[in-house]
Q: 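Sharing a structure below in structure tokens format, with a few things to ask.
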Amino acid sequence: APAPEVVADGVLTVCTSLPYRPFEFRQEGEVVGFDIDLAREVASRLDLEAKFVNTDFDGLAAGTPLNDGTCDVGVAGMTITGDRARVLDFTSPYFNAAQSLVVGASSGVTSLDELSGRKIAVQEGTTAELYVTDNAPADAEIVTVEKPFEIVAALRDGQVAAGVYDNTVVGGVVERNPEIAVAAEFDTGEQYGMVLKKDGSVELVRSINAILADLRSDGGYDAIYEKWFGS
Ligand code: GLN
């Protein structure tokens, strides 16, 4: 059972960070996506109604809107990392991810190593930023942007030679922007988890984990996956 203060108003307030298509984005004014459907299903199985609040990804990863009571849970395609787990409680993993290198389709670039002295765009505070910091040539310049779509804009405008972000979102990006191509994928072994306030409610984490396990075995997860990733 979730903590009493969560149940009190019958609402599970869920912080997310828009847009991160197809996990969370606006479509005809509605907040939709894989994470959104997953969170709705979790809320419904807790007999609660999900209400979504748009927050800044960096702040959510630091736990701010969970600690100040803005939301009960966060879902934002967020990779489970040791650093974040020091300030957040993660649920069990619900999605696997890796990192993708995106470049201009006609650039001929095929690896991070070729980007010596060049600019690489990443979203601030993400695992892509960590990956590029650790793996790009030392003299490559890392350009941070606030929103993932700014990576595409910077690439298209020729402000950067490449961008790196989650392989889970890159398929749609390339489809919508044919002038951009995936040059390489880095198997970082990432997994997304929902997040809760650190040491806030062991009960709620446990209930959500039980629901995530049920969704895996009863087809609920597959239905949501198929809806957003099925061909
Ligand atoms: N999975 C990546 C991370 O956790 C990116 C998430 C995002 O931009 N929403 O850093």
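Remember, it's 1-based here, ligands and their atoms both numbered in the order they're listed.
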Q: Heavy-atom pairs closer than 4.0 Å: do any link ligand 1 to the side chain of Arg84, the backbone, both, or neither?
A: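 It is the side chain that gets close, since no backbone atom is under 4.0 Å.
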Q: Can you check which of Tyr20, Phe23, Phe95 brings a heavy atom nearest to atom 5 (C) of ligand 1?
A: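 The residue whose heavy atom sits nearest atom 5 (C) of ligand 1 is Tyr20.
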Q: Please verify the inter-ring angle class for Phe95 with Phe34; under 30° counts as parallel, over 60° as perpendicular, anything in between as tilted.
A: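 Correct class here is perpendicular.
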Q: Among all protein heavy atoms, pick out the one at the shortest distance from atom 6 (C) of ligand 1; state its residue, atom name and that distance to 0.1 Å.
A: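 Atom 6 (C) of ligand 1 sits closest to the protein heavy atom Gly77 O, 3.2 Å.
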Q: Ligand 1 versus Thr127, non-hydrogen atoms closer than 4.0 Å: side chain, backbone, both, neither?
A: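 Both parts.
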Q: Any donor-acceptor pair under 3.5 Å linking the side chain of Ser207 with the backbone of Glu203?
A: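 Confirmed, Ser207 side chain pairs with Glu203 backbone.
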Q: What residue and atom, counting heavy atoms only, is the protein's closest point to atom 9 (N) of ligand 1, and at what distance?
A: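 Checking every protein heavy atom, the shortest distance to atom 9 (N) of ligand 1 gives Ala76 O, 2.9 Å.
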Q: Among all residues two or more places apart in sequence or in another chain, which pass the salt bridge (charged side-chain N to carboxylate O under 4.0 Å, His left out) test with Asp89?
A: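 Lys198.
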Q: Which ligand 1 atoms, with their elements, are less than 4.0 angstrom from a heavy-atom of Gln123?
A: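 Near Gln123, meaning under 4.0 Å from one of its heavy atoms, ligand 1 has 8 (O).
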Q: Heavy-atom contacts with Phe57 under 4.0 Å: which atoms of ligand 1 show up? List them by number with element.
A: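 Answer, ordered by atom number: 3 (C), 4 (O), 6 (C), 7 (C), 9 (N), 10 (O).
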Q: Is a side-chain N or O of Thr110 found less than 3.5 angstrom from the main chain of Ala183, in a donor-acceptor match?
A: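 Not confirmed, Thr110 side chain does not pair with Ala183 backbone.
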Q: Any donor and acceptor pair, going by atom type alone, linking the side chain of Asn167 with main-chain N or O of Ala98 inside 3.5 Å?
A: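 Between the backbone of Ala98 and the side chain of Asn167 there is a qualifying donor-acceptor contact (under 3.5 Å).
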Q: Near Tyr192, which atoms of ligand 1 are under 4.0 Å from a heavy atom of that residue?
A: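 In order of number, 1 (N).
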Q: What pairs of residues pass the disulfide bond (SG atoms under 2.5 Å apart) test when at least one of them lies in residues 61-143, not counting sequence neighbours?
A: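 Found Cys15-Cys71.
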